[in-house]
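Beneath this line is the structure, given in structure tokens, with notes to follow.
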Amino acid sequence: MGSTGTVLRELRGAQKSAKGVSLYSRYVNRPAGRVLAAGAYRAGLTPNQVTLISALSTYAALAAVALVEPSWTLGLAVYAALAIGFAFDSADGQLARLTGRGGPDGEWLDHVVDCGKLVLVHTAVLISFYRFGELPSDAWLLLPLGFQLAAVVTFCAGLLREQLGKAAAATAPAAPGTAPASRVRAVALLPADYGVFCLVFLLLGAPGAFRAGYAVLAVVHTLFLAAFLTKWFRELRALRPG
């Protein structure tokens, strides 16, 4: 087993493409995941065990949102646990590519954990609003449901786009090389990045500010959903056999 420095160098060479990735994921989450993957490798953990660590950190934070009265201390703890869980979510794939121990079971487990996370994060906010929110109107209880719908549809539609695109590419002539990752696109994708979304929980100590920030992100994610659906539909339509 090589030194941590050697492992980190190997991990840098086993990164996925930066295309379609926001600045946060490229410069914060993936590097953090690389360090965690190196530590997991040195500890002898498997990629699936790293995925479960990610789930434990994330789901514990979401349980706290639902069950504990909001405060600045809670907000800091929740954000830290969500950010760590997200970094471990990157680490599992990096570890799998480094060790060659990835497989359909690991990819499936990773997607299951991610799907559960997207459902639970907005469910936790809904419960917190109901239990502790002192809302100006009961209509605010609809906001987490709408945000949840946008998040889950984006996630599922993105997975389907990827899988259907791969199936079509397998029977189509080889496409020309793809364009390099765009920095402008990486900046534009920041509002839709899960790591950026997690920052809103730092406002849990100020309920009004949290609601406002959460509402803005809900609108932004809904707009991104509309843009993504349009883009993915056109891309898949272009893959129709002639």
Side-chain angles (χ1 to χ4, degrees), residues 21-29 32 54-90 112-158 185-230:
V21 176
S22 85
L23 285 182
Y24 178 89
S25 286
R26 190 186 305 182
Y27 294 114
V28 179
N29 199 59
S54 170
L56 179 63
S57 180
T58 299
Y59 291 0
L62 299 181
V65 172
L67 300 175
V68 180
E69 186 171 359
S71 66
W72 293 110
T73 300
L74 176 67
L76 182 60
V78 165
Y79 170 71
L82 291 177
I84 290 170
F86 192 33
F88 271 110
D89 187 31
S90 174
V112 168
V113 169
D114 285 345
C115 187
K117 172 177 69 181
L118 292 177
V119 173
L120 288 176
V121 67
H122 301 293
T123 302
V125 172
L126 175 61
I127 294 171
S128 180
F129 278 0
Y130 180 77
R131 296 186 67 200
F132 311 113
E134 298 182 1
L135 303 173
S137 165
D138 287 344
W140 279 94
L141 296 174
L142 298 175
L143 180 62
L145 296 176
F147 203 159
Q148 184 181 77
L149 175 64
V152 172
V153 172
T154 300
F155 178 76
C156 293
R185 178 178 172 82
V187 173
L189 287 172
L190 272 173
D193 192 291
Y194 175 78
V196 174
F197 163 74
C198 292
L199 288 168
V200 76
F201 288 96
L202 290 172
L203 298 175
L204 277 175
F210 175 78
R211 285 197 304 270
Y214 184 81
V216 169
L217 286 171
V219 171
V220 169
H221 278 246
T222 301
L223 293 175
F224 268 96
L225 171 61
F228 286 147
L229 291 180
T230 301

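As the structure is a computational prediction, the values presented were derived from the model and not from experiment.
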Revision key, fill the gap. Output for pair (D193 CG, Y24 OH), nearest 0.5 Å, gives 7.0 Å

Exercise for review: Report yes or no: does T58 contribute a side-chain atom to a donor-acceptor pair with the main-chain N or O of L82 at less than 3.5 Å?
Suggested key: no

Point to revise | Heavy-atom pair of closest approach, residues G85 and S54 | key: O-OG, 2.7 Å

Exercise for review: Look only at the side chain of N29 and the backbone of S90, and say whether a donor-acceptor pair between them is shorter than 3.5 Å.
Suggested key: no

Study note, to complete from the structure: One should read off an interatomic distance between L62 CG and S128 OG, to the nearest 0.5 angstrom, of 11.5 Å

Practice item. Can you see which heavy atom on L143 is nearest to which on A218, and at what distance? Key: CD1-CB, 3.7 Å

Practice item. Would you check if Y214 and W140 make a side-chain contact, meaning some heavy-atom pair closer than 4.5 Å? Key: no

Review point. Okay, side chain of Y59, backbone of V113: is any donor-acceptor separation there less than 3.5 Å?
Key: yes

Practice item. Give, for atom CG of L74 and atom CG of L204, the distance between the pair rounded to the nearest 0.5 Å. Key: 5.5 Å

Point to revise | R211 to G133 - nearest heavy-atom pair and separation | key: NH1-O, 3.5 Å

Check your understanding: Just by modelled atom types, is the A151 backbone N or O under 3.5 Å from a matching donor or acceptor in the H122 side chain?
Key -> no

Review point. Does any non-hydrogen side-chain atom of F155 lie less than 4.5 Å from one of C115?
Key: yes

Check your understanding: Could you walk me through whether C198 and F86 pass the side-chain contact (heavy atoms from CB on, under 4.5 Å) check?
Key -> CA-CA 9 Å; C198 292; F86 192 33; 5.6 Å; no

Review point. Can any side-chain N or O of S22 pair as donor or acceptor with the backbone N or O of A186 at less than 3.5 Å?
Key: no

Review point. Can the ring centres of F147 and F197 be said to be less than 6.0 Å apart?
Key: yes

Practice item. Check the angle between the aromatic planes of F210 and F201 and answer parallel, tilted or perpendicular using the 30° and 60° thresholds. Key: tilted

**Study point:** Spatial distance of atom CG (L67) from atom CD1 (I127) [nearest 0.5 Å]
**Key:** 7.5 Å

Practice item. Indicate the atoms forming the closest heavy-atom contact of G195 with Y79, along with that distance. Key: O-CE1, 4.5 Å

Practice item. Check whether any side-chain heavy atom of L141 sits under 4.5 Å from a side-chain heavy atom of Y130, and report yes or no. Key: yes

**Study point:** Of all pairs that satisfy salt bridge (Lys or Arg N to Asp or Glu O under 4.0 Å), the ones with a partner from residues 112-133, not counting sequence neighbours
**Key:** D89-K117, D114-K117

Point to revise | Separation between CZ of F129 and CG of L135, rounded to the nearest 0.5 Å | key: 6.5 Å

Check your understanding: Could you go step by step and tell me if L149 and L145 meet the side-chain contact (heavy atoms from CB on, under 4.5 Å) rule?
Key -> CA-CA 6 Å; L149 175 64; L145 296 176; over 6 Å; no

Review point. Which heavy atom of A66 sits nearest a heavy atom of F132, and at what distance?
Key: O-CE1, 3.8 Å

**Study point:** Which atom of Q148 lies closest to which atom of T123, heavy atoms considered
**Key:** NE2-OG1, 3.0 Å

Exercise for review: Enter the distance from Y194:OH to H221:NE2 here, rounded to the nearest 0.5 Å.
Suggested key: 11.0 Å

